[in-house]
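First the structure, in the form of structure tokens, and then the observations on it.
The figures here come from the full heavy-atom set of this structure, side chains too, leaving out hydrogens, waters and symmetry mates. No experiment lies behind these values; they were computed from the predicted model shown.
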There are 4 protein chains.
Amino acid sequence: MTKLKNEKYYAILQGALRTFAEHGFHKSQVSKIAKAAGVADGTIYLYFKRKEDILIALFREKLGELVAKFRASLDERADPVDSLRKLCEIHYDELEKDVDFAVVTQLELRQSSLELRREIGASFKPYIVLIEDIVRRGVESGAFRRDLDVKLTRLLVFGAMDEVVTSWLISGRKYSLRAQAEGTADFFLRGLLA
Amino acid sequence: MTKLKNEKYYAILQGALRTFAEHGFHKSQVSKIAKAAGVADGTIYLYFKRKEDILIALFREKLGELVAKFRASLDERADPVDSLRKLCEIHYDELEKDVDFAVVTQLELRQSSLELRREIGASFKPYIVLIEDIVRRGVESGAFRRDLDVKLTRLLVFGAMDEVVTSWLISGRKYSLRAQAEGTADFFLRGLLA
Amino acid sequence: MTKLKNEKYYAILQGALRTFAEHGFHKSQVSKIAKAAGVADGTIYLYFKRKEDILIALFREKLGELVAKFRASLDERADPVDSLRKLCEIHYDELEKDVDFAVVTQLELRQSSLELRREIGASFKPYIVLIEDIVRRGVESGAFRRDLDVKLTRLLVFGAMDEVVTSWLISGRKYSLRAQAEGTADFFLRGLLA
Amino acid sequence: MTKLKNEKYYAILQGALRTFAEHGFHKSQVSKIAKAAGVADGTIYLYFKRKEDILIALFREKLGELVAKFRASLDERADPVDSLRKLCEIHYDELEKDVDFAVVTQLELRQSSLELRREIGASFKPYIVLIEDIVRRGVESGAFRRDLDVKLTRLLVFGAMDEVVTSWLISGRKYSLRAQAEGTADFFLRGLLA
DNA sequence: AATGAATGAGTCTTCATTCAT
DNA sequence: GATGAATGAAGACTCATTCAT
């Protein structure tokens, strides 16, 4: 009985990730996911109530892992400037390393219905909060401008990185995503002015 | 007689815009769009080959209008810094003024399939190029940093604004979008550093 | 354009009657009904909202016809005794002549869910009322016992005939149903006592 | 050890009765019955080959009990007229006292397929035969009309009572079923004529 | 050109039944 | 015998698209 109790649960998520990445959410029939996961169609419904719940769970799990990695790498007491540079590096690095996840996050997620996206949005929250924390620490330490709107800034930072990743994917990943981290961090920190 | 032809063509686009805004992309059946446009279901297929082509055309038309507005407002010889500030203002202003369009652009149109999104991406191109022009002029004039990666920067700028608009919509438009323009432009120009 | 507008509507009802009679309600897949009706699966949903509505409509139509036949044959001013005898004759005669309808009415209808049966019950109402009318006229004219409970009697009469028909069907229709009319009417009129 | 076997067997029947009465036949999944019976899903298949066999057994058991009660109350040598009156009383009384059983017998169990109903029909046979016995004794004793068709009469009597019970249930049991026994017996005995 | 009735391919989900433990 | 996780067949319904009028 060394088998993991949730063995099938994770097999399904894994199969779904691969299937969504390859075919997109709407063209990923439940039977296709089941085959990719190596389980019967009906088995999926022992672990998920609706097909959409697979996507929701997938995001919760994967973004949870991602945030954990950030938390592990970013020292709460480190220099906010260093933290922001590191954030860019990890963001690009992790998505470049897990292309399936990147595809699903950047491209397929957006195909889901508005209600579904709202539910998934909750999974992004901790990551947005993490960005906010860095910005806030920067302001408080005097490293960042005192007049920054923290809530606005976290969106700008997230949105900017998000678009870079999406563009990289749509263009066919012809260049290194990781290599954009420095330019991105510079943009955030120094802005455009000479 | 081309005018009459255009009449139905635009009626369909108009009906589609209203229907997408109200029901979202996936719940906007062809028959619903036809009813909103005041034409028969079959008529739509005299003007569009597939349902998806309505989306593509809608995007092309609406983003074309938007870019035209930008071009009309932004003097090619104006100060790049002023141009960038103006860009933010117009971007937020136009979307705040036409919520239907904002909803469709930011939320509903992204529900389309990957291949479709690639096609729609072409419609964004002129706008991205417009941003690129401003950045390039800034670099060439010495107003912006010489070491800027123009291609990267245009994505960062577009992505950042895009996320702010989306967030504003999802949050229920509880604050002024236009009011975010100054902070956004400051972020782009001065960055975060004190 | 001499085509009947409801041509397909009745084709579907006809196909459904044949299919239900042969396979029963639950084993009559929509696609089977469509094939029997000579239409596409989807066409059925232009005329009926749910599969169950076909059954409901079928009963409404068929029982409507049946009641019309009764009304046509039964003079409101005729002797109640004669009317009751005629009722038995017509009841058995019509069902013997239309075995498909008999099978659906007596056997397949009962397979439907309780809610559905309630809806169908409404179609039986006019027939039950018709029986009640005869009984009431009999009581008022003095031909029938004054102490009869009209509401109870109409159920007893209907239930008795209903069971005879069902039994005849289940036994394989090995004898004449029509031939039971006299004995049935005698039972109703004279009772069992010598 | 057969007693233990019977324990679960009857637990399943009991669970099925409760489940059918509460949810109706079609919404009573095997797993629901198993839960009501306090056994595992698979256990049911140790005692019944198919789900439908539960129904058949339930009918056989419950109607067997009912017939036993009739046999216990009806003296074979009693006056046929009294016997028939008593039959009506017991029939209505027993079903009014056990509404769950009434619901299942009259409404839910009839939702089964035709083949199944044929099998279940066998369970009704002893009761029908019991009615036939009374009628036959009546004819032989001279109490009932000599020209009665015994086979037809047993159906008429059973069908009439059956319909009264069903109607009482569907109407929501707003009146006393037992109170209908006298009128019913009078109808059987004296008929309608004044 | 315009219509809208008709088409039929496509899919999520349920649930009776099995079988490894 | 008992379990309950796993199976996978089955089917109602939707809706983009066609085509006779």
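Side chain of C:Arg18 to main chain of C:Ile33: no donor-acceptor pair is present (N/O by atom type, distance under 3.5 Å, no hydrogens or angles). No donor-acceptor pair under 3.5 Å is formed between the side chain of A:Ser28 and the backbone N or O of A:His23.
Contacts of B:Arg50 classified as salt bridge (Lys or Arg N to Asp or Glu O under 4.0 Å), with partners at least two apart in sequence or in another chain: B:Glu52, B:Asp53, B:Glu119. Contacts of C:Tyr45 classified as ring pair (Phe, Tyr, Trp, His ring centres under 6.0 Å), with partners at least two apart in sequence or in another chain: none. For B:Phe25, the ring pair (Phe, Tyr, Trp, His ring centres under 6.0 Å) criterion is met by B:Phe20, not counting sequence neighbours. Under the rule for a ring pair (Phe, Tyr, Trp, His ring centres under 6.0 Å), the partners of D:Phe124 that lie at least two apart in sequence or sit in another chain are D:Phe59, D:Phe158.
Closest approach to the C:Val39 side chain among E:dA2, F:dG1, E:dT7 is made by E:dT7 (side chain taken as heavy atoms from C-beta onward).
Seen from the ring of B:Phe101, B:Lys62 counts as a face-on cation partner, given the 6.0 Å and 45° thresholds.
We find that CD1 of B:Ile33 is positioned 12 Å from P of F:dC15, with the value rounded to whole Å. Computed from coordinates, the D:Tyr9 OH to F:dA2 C1' distance equals 19 Å when rounded to whole Å. Spacing between atom CZ of B:Phe48 and atom P of F:dC15 amounts to 21 Å, rounded to whole angstrom units. Between the CG atom of C:Asn6 and the P atom of E:dA6 there is a distance of 10 Å, given to the nearest Å. Atom CG of C:Asp53 is separated from atom P of F:dC13 by 9 Å (rounded to the nearest Å).
Residue B:Ile44 is the one, among C:Ile44 and B:Ile44, whose nearest nucleotide of DNA chain E lies closer to the 5' end (criterion: closest heavy atom).
Counting only heavy atoms from C-beta outward, the side chains of D:Tyr9 and D:Ile44 never approach each other to under 4.5 Å. Between C:Leu116 and C:Leu109, every side-chain heavy-atom pair lies at or beyond the 4.5 Å cut-off.
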Could you go through nucleotides 10-13 of chain E and list every protein N or O atom that sits under 3.5 Å from one of its N or O atoms, giving the distance for each pair?
| from | atom 1 | to | atom 2 | distance (Å) |
| --- | --- | --- | --- | --- |
| E:dT11 | OP1 | A:Gln29 | NE2 | 3.1 |
| E:dT11 | OP2 | A:Gln29 | NE2 | 3.1 |
| E:dC12 | OP1 | A:Lys51 | NZ | 3.2 |
| E:dC12 | OP2 | A:Val30 | N | 3.0 |
| E:dT13 | OP2 | A:Tyr45 | OH | 2.7 |
| E:dT13 | OP2 | A:Lys51 | N | 3.1 |

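Between F:dA5 and A:Tyr47, no contact under 4.0 Å exists linking OP1 or OP2 to a side-chain N or O.
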(request) Can you run through DNA chain F from 5' to 3' and write each base as (, ), [, ], | or . depending on how it pairs? Watson-Crick or G-U wobble, both distances under 3.5 Å. (result) .||||||||||||||||||||
